Amino acid sequence: MLDNTQIERIEPTTVNSAKVRQPMYAARRKIFPKRASGSFRRFKWIVMAITLGIYYLTPWLRWDRGPFAPDQAVLLDVANRRFYFFFVEIWPQEFYYVAGLLVMAGVGLFLITSTVGRAWCGYTCPQTVWVDLFLVVERAIEGDRNARIKLDAGPWTTRKLVLRASKHVIWLVIAAATGGAWIFYFADAPTLLGELFTGTAAPVAYITVAVLTATTYTFGGLMREQVCTYMCPWPRIQAAMLDESSLTVTYNDWRGEPRTRHAKKVLAAGHPVGDCVDCNACVAVCPMGIDIRDGQQLECITCALCIDACDGVMDKLGKARGLISYATLSDYNANMILATAGGASSVNPSLVRTDDGLFSDRVAHFHIRKIFRPRTYVYMAMWSLIGLGLLFSLLTRDRLEINVLHDRNPQFVTLSDGSIRNGYTVKLLNMIPEPRTIVVTVGGLAGAEMSVVGVDLPAARSFAVQVEPDRLKMLKVFVRVPADQIHGEAQTFTLRVEDKASFESNEYTATFNAPEIAR
Ligand code: SF4
Ligand code: SF4
């Protein structure tokens with residue numbers, strides 16, 4: 001177990017502070033985050049591996065849809081206006097599923113933020129994940145914090161040139177792979193990869209890769225924390241979603257203050273001493289370059305690396321972990337009231353401890369039940385209802401559809417035998433990746449017969465037609481009704497479509513127009 005003075009003190013300079021805010025247009029101060037280790041860092045490695053794995057590998061997953069549809073598991077087929085997601089195929093008119101998923105993602109984000117603060121920012125936001133990845137490369141090439149600071153301040157030697165060039169080349173390769181992976185979601189990935197390298201891909205593919213390479217390299221490698229602080233609206237919006245029961249990364253000054261590196265001397269002088277040894281380890285690991293001890297700040301993405309750093313220091317000192325921890329504002333306020341005797345004095349950590357040095361029973365700790373409150377119940381209910389609604393709709397949706405458009409001019413034609421003929425444009429949608437024989441039948445219109453333009457079939461009450469897999473077939477159909485069967489200017493009737501193989505059917509209610517004189 002170490003003494004306060006034996007803990008290494010780091011001297012990082014914060015880029016901003018809750019007390020003294022930098023002007024919006026101040027020149028950037030470089031940050032050299034120190035490598036952190038601990039449970040949150042491990043969790044972030046796992047999340048990073050999963051999110052990057054999903055992003056890079058998904059276009060390469062195959063899904064057998066038969067010979068008439070692409071076998072890429074996730075594909076946005078812009079040319080044919082289809083979205084494939086494993087067993088789900090979305091047509092343009094079904095885009096409400098995607099809109100529903102986006103609404104679910106939004107409500108999910110509200111739920112997560114109101115529960116555990118900016119967890120999205122700290123763990124899964126692409127900016128965070130790619131900055132983390134770029135930092136891994138930087139550390140591997142240039143070393144940890146001190147080595148990088150030294151290299152940055154040093155003159156341009158051959159070694160510095162080689163190290164810097166290597167870093168930027170690897171960053172560019174990662175950025176190009178990122179841009180490359182994106183376009184694979186829009187075409188058959190193996191085919192497009194071959195076309196990219198043989199120079200036969202469409203120009204838009206090269207332009208997209210170039211733009212995404214540039215943005216990934218600039219945002220992830222060069223701008224880093226500035227994207228979160230100055231460009232992203234989320235830090236501003238999230239404040240409206242937090243309440244006193246939301247978990248955020250918190251410096252517990254009710255046990256940390258007064259901070260000192262000379263505890264023995266201060267205690268001997270009869271002054272209270274907090275747990276913080278003012279080592280600045282929490283500041284040195286912060287990828288945003290701030291000091292969490294200044295309180296909640298817009299820059300904090302709640303990545304929890306300062307928790308890991310401080311827990312490591314507490315372990316060395318033999319003190320309880322959690323000087324920096326995930327805590328709710330209500331617990332923090334309750335503990336501050338305790339540590340300041342209701343606000344009557346400055347923080348005195350002895351007020352939150354018993355004589356044997358343990359925390360008093362009156363100290364508030366987070367409990368999982370605090371997550372479950374009216375606000376989170378409402379978010380959970382909304383999220384679940386939208387999800388169930390989408391699922392129900394997906395499982396019961398039609399895969400065979402008919403749309404009918406009545407000719408506007410002429411609305412009807414009187415034939416030489418006195419019968420009346422109406423013309424329609426009939427659209428048959430076969431929404432499965434297999435060819436089908438669709439039977440179209442007219443119903444509810446006595447004596448009616450149909451004939452199809454360009455199809456050599458005798459006029460009848462029904463006809464069968466082949467529809468290609470995953471395609472829309474448009475037909476010009478005439479419906480003829482004998483004069484003695486006309487019972488009004490506008491009679492409704494149905495056009496029913498049926499696939500005799502799967503027994504799937506659908507129908508459309510149309511109108512048959514006739515002149516007044518025919519009655
Ligand atoms: S203050 Fe802590 S939680 Fe916030 S960004 Fe810095 S290291 Fe992450
Ligand atoms: S909060 Fe923890 S890591 Fe930060 S200076 Fe104090 S003791 Fe060190």
Side-chain angles (χ1 to χ4, degrees), residues 1-18 29 31-41 43-44 47-48 113 116-125 127-129 131-132 135 145 224-229 232 234-235 238 242 246-263 266 273-327 332 347 349:
M1 202 184 302
L2 299 181
D3 175 64
N4 281 20
T5 53
Q6 293 171 294
I7 300 290
E8 180 200 4
R9 183 179 162 88
I10 311 166
E11 301 289 352
T13 312
T14 53
V15 298
N16 222 335
S17 133
R29 291 190 191 162
I31 300 172
F32 302 91
K34 189 173 159 53
R35 195 172 72 84
S37 55
S39 46
F40 287 104
R41 180 63 267 185
F43 180 63
K44 274 171 72 71
V47 174
M48 184 195 202
T113 306
V116 285
R118 290 174 65 183
W120 161 259
C121 300
Y123 299 93
T124 47
C125 171
Q127 175 66 16
T128 300
V129 172
V131 168
D132 239 10
L135 274 172
R145 177 183 159 78
R224 295 187 186 175
E225 78 290 344
Q226 293 200 301
V227 174
C228 310
T229 306
C232 179
W234 192 237
Q238 57 130 17
L242 298 176
S246 306
L247 279 171
T248 52
V249 174
T250 306
Y251 169 63
N252 295 307
D253 39 9
W254 50 269
R255 64 168 273 201
E257 299 295 320
R259 66 187 80 162
T260 179
R261 294 190 55 74
H262 307 287
V266 177
V273 166
D275 284 342
C276 176
V277 297
D278 208 13
C279 64
N280 289 327
C282 51
V283 185
V285 298
C286 179
M288 302 302 292
I290 57 167
D291 187 343
I292 189 67
R293 293 173 300 172
D294 285 348
Q296 288 297 317
Q297 292 156 75
L298 175 142
E299 288 86 355
C300 179
I301 55 170
T302 67
C303 64
L305 295 182
C306 51
I307 298 181
D308 277 345
C310 191
D311 280 351
V313 173
M314 293 299 112
D315 287 350
K316 287 179 192 163
L317 292 167
K319 293 182 176 173
R321 290 178 163 203
L323 174 53
I324 303 176
S325 67
Y326 270 105
Y332 170 84
V347 171

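Counting convention: from 1, in listed order, for ligands and their atoms alike. From a predicted model like this one, the values you see are computed outputs, not experimental measurements.
- Side-chain atoms of Tyr326 and Val249, non-hydrogen and from C-beta on, do get closer than 4.5 Å to each other.
- Contact check for Leu135 versus Arg224: side-chain heavy atoms found under the 4.5 Å cut-off.
- When heavy-atom distances to ligand 2 are checked against a 4.0 Å cut-off, Asn280 comes that close only through its backbone atoms N, CA, C and O.
- Residue side and main chain included, Cys279 places an N/O/S atom under 2.8 Å of atom 8 (Fe) of ligand 2.
- Atom numbering of ligand 1 starts at 1 in the shown order; those under 4.0 Å from a heavy atom of Met288 are 5 (S).
- With respect to atom 8 (Fe) of ligand 1, the closest heavy atom belonging to the protein is Cys303 SG, 2.3 Å.
- For Thr128 (side chain) and Cys121 (main-chain N/O), a donor-acceptor pair under 3.5 Å exists by modelled atom type.
- At distances below 3.5 Å, at least one donor-acceptor pair connects side-chain atoms of Gln297 with backbone N or O atoms of Asp291.
- Distance alone, capped at 3.5 Å, is enough to place a donor-acceptor pair between the Asp311 side chain and the Gly322 backbone.
- Between the side chains of Tyr332 and Asp253, at least one donor N or O sits under 3.5 Å from an acceptor N or O.
- The residue Val285 has no part lying near ligand 1, judged by heavy-atom distances below 4.0 Å.
- At a 4.0 Å heavy-atom cut-off, ligand 2 does not touch Ile292 at all.
- Heavy atoms of Ala304 found under 4.0 angstrom from ligand 1 belong exclusively to the backbone.
- Remark: minimum distance from atom 6 (Fe) of ligand 2 to any protein heavy atom is reached at Cys276 SG, 2.3 Å.
- Of all the atoms in ligand 1, the ones that sit under 4.0 Å from a non-hydrogen atom of Ile290 are 1 (S).
- No option in Val285, Ile307, Asp132 other than Asp132 meets the side-chain contact (heavy atoms from CB on, under 4.5 Å) test with Arg41.
- When hydrogens are left out, the protein atom nearest atom 2 (Fe) of ligand 1 is Cys306 SG, 2.3 Å; that is the closest non-hydrogen contact.
- By the criterion of a heavy-atom distance under 4.0 Å, both the backbone and the side chain of Ile301 are placed next to ligand 1.
- Using a 4.5 Å cut-off on side-chain heavy atoms (C-beta onward), Ser325 and Asn252 make contact.
- Contact annotation for Arg293 and ligand 2: only side-chain heavy atoms (C-beta onward) come within less than 4.0 Å of the ligand.
- Scanning all protein heavy atoms for the shortest distance to atom 3 (S) of ligand 2 gives Cys282 N, 3.4 Å.
- Remark: among candidates Cys300, Ala284, Ala309, Gly289, the nearest residue to atom 4 (Fe) of ligand 1 is Cys300, based on non-hydrogen atoms.
- Annotation for Arg35: atom CZ does not count as buried by contact number, only 12 or fewer foreign heavy atoms lying within 6.0 Å.
- Put simply, Cys286 gets within reach of atom 6 (Fe) of ligand 1, with an N, O or S atom under 2.8 Å from it.
- Remark: the backbone N or O of Thr14 is paired with a side-chain donor or acceptor of Arg29 at under 3.5 angstrom.
- Met288 has its side chain within reach of Cys228: a pair of non-hydrogen atoms, C-beta onward, lies under 4.5 Å apart.
- At the shortest separation from atom 7 (S) of ligand 2 among protein heavy atoms lies Val277 N, 3.5 Å.
- Close contacts between ligand 2 and Cys310 involve ligand atoms 1 (S), 2 (Fe), 3 (S) [criterion: under 4.0 Å to a heavy atom].
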